[in-house]
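Throughout, protein chains are lettered first and strands after them, A, B, ... in sequence-line order, and every chain is numbered starting at 1.
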Number of protein chains: 2
Amino acid sequence: MGKMVNGMSMSIAEVSEKFDLSQDTLRYYERIGLIPPVNRNKSGIRSYTEEDCKWVDFIKCMRQSAGLPVEALIEYVALFRQGDDTLETRKELLIEQRNRLADKIEEMTKTLTRLDDKIERYEQTIVKKEKMLRTGANRAF
Amino acid sequence: MGKMVNGMSMSIAEVSEKFDLSQDTLRYYERIGLIPPVNRNKSGIRSYTEEDCKWVDFIKCMRQSAGLPVEALIEYVALFRQGDDTLETRKELLIEQRNRLADKIEEMTKTLTRLDDKIERYEQTIVKKEKMLRTGANRAF
DNA sequence: ATACCTCCTGGAGTTAACTCCAAGTCAATA
DNA sequence: TATTGACTTGGAGTTAACTCCAGGAGGTAT
């Protein structure tokens, strides 16, 4: 039950490299509360712990891949920082966003089908055109 | 093989209502070439034909549901307006976007799973807390 | 000690995609 | 004929989410 000490910590340059996010973006995320405040060394320079990196990873995923709204994530982080009393609220927030995401995936899947249909029709049209070129169309010459 | 005449045409207000897009957005889409120029009456007022509406529907779907980039759609419309010579190019453009969309859906599906796992862990943590409250924690009183 | 590198902050600038607005036209109505 | 209301345009303003920058500080290599 002791606090976990882990040996490794990373500079902002390394984190930026590792997660393919610019240093500016990392600082920006922290500034607006999209990730909790990162650990600093005595001269105020960020020193990302394992934990900090996990936040970066999580937030990057939720933003770039899932497209969750920044606002919801800021709220999530704020709740997290308030401690265990907010466990239930945080869970509900995640469920809400999970459901939105599921809806979005469904909508996109429908659109994918629509695109596929359209592409299929293009295929047919093009084949038809080619057939016409090889037969009747030659009469024009 | 004659040109198709269809009786009905709609005002911008009606189209806006029907597709839940603001009039400004409809004009903006047309302005930037995201839909082909809409028919006008003699005094220059837009009068959306069935065909115009289909474009609106298609573009709305590709933008809002699939999130295809405006640029790609503008190019698609431009190619369409150039006629049948661009059939193949248009098809390829659609396939490219279709594949991007499929990738995105896959990524989002993975993220959905990740969210579900996280929610599941919250569930467990909360249940554990409750159990502790009902047993040992009471010793504090 | 000078130069250099990486980092810091606060704030301004950028981009995409709308969204709003002012000034004007046109057709129908009182 | 004067007013009303829906429509027009070109251009300015907004929003979200970064992205860039100027000016400055700390630690290290020459």
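- Between F80(B) and W55(B), the two ring planes are perpendicular [angle over 60°; tilted spans 30° to 60°].
- Comparing I45(B) and K42(A) by the nucleotide of DNA chain D that holds the closest heavy atom to each, the one mapping nearer the 5' end is I45(B).
- At least one side-chain nitrogen or oxygen of T25(A) sits closer than 4.0 Å to the OP1 or OP2 atom of dT19(D).
- Salt bridge present: R100(B) and E96(B) bring a charged side-chain N and a carboxylate O closer than 4.0 Å.
- Following rounding to the nearest Å, R31(B) (CZ) and dT8(D) (P) show an atom-to-atom distance of 12 Å.
- Checking T49(A) against D52(A) by side-chain atom types alone, a donor-acceptor pair falls below 3.5 Å.
- Nucleotide dC7(D) holds its P atom 8 Å from the CD atom of E14(B), rounded to whole Å.
- Using cut-offs of 30° and 60° for the angle between ring planes, the Y122(B) and Y76(A) rings count as perpendicular.
- The CG atom of N39(A) sits 13 Å away from the P atom of dC8(C) (whole-angstrom rounding).
- When each of A13(A) and Q64(B) is assigned the nucleotide of DNA chain C bearing its nearest heavy atom, the one mapping closer to the 5' terminus is A13(A).
- The strand DNA chain D forms stems, runs of 3 or more Watson-Crick or G-U wobble pairs with distances below 3.5 Å, at C:1-30 with D:1-30.
- To the nearest angstrom, C1' of dT9(D) lies 16 Å from OH of Y28(B).
- Distance, L68(B) CG to dA17(C) C1': 15 Å, rounded to whole Å.
- Between the P atom of dA17(C) and the OH atom of Y29(B) lies a distance of 9 Å, rounded to the nearest Å.
- dC21(C) atom P lies 14 Å from atom CD of Q23(B), rounded to whole Å.
- In this entry the distance linking CD1 of I35(A) with C1' of dC18(D) reads 14 Å, nearest Å.
- The side chain of D24(B) lies closest to dC20(C), out of dC20(C), dC7(D), dC18(C).
- Note on R40(A): every side-chain N or O is 4.0 Å or more away from OP1 and OP2 of dA25(D).
- Looking at heavy-atom distances under 4.0 Å, R27(B) makes contact with a base.
- Taking only side-chain atoms of S43(B), from C-beta outward, the nucleotide of dA27(C), dC18(D), dT9(D) with the closest atom is dA27(C).
- Side-chain N/O atoms of S11(A) include one lying less than 4.0 angstrom from OP1 or OP2 on dC7(C).
- Here I12(B) lies in heavy-atom contact (under 4.0 Å) with sugar-phosphate atoms only.
- In this model, the phosphate group of dC18(D) is approached by a side-chain N or O of R63(A) to a distance below 4.0 Å at OP1 or OP2.
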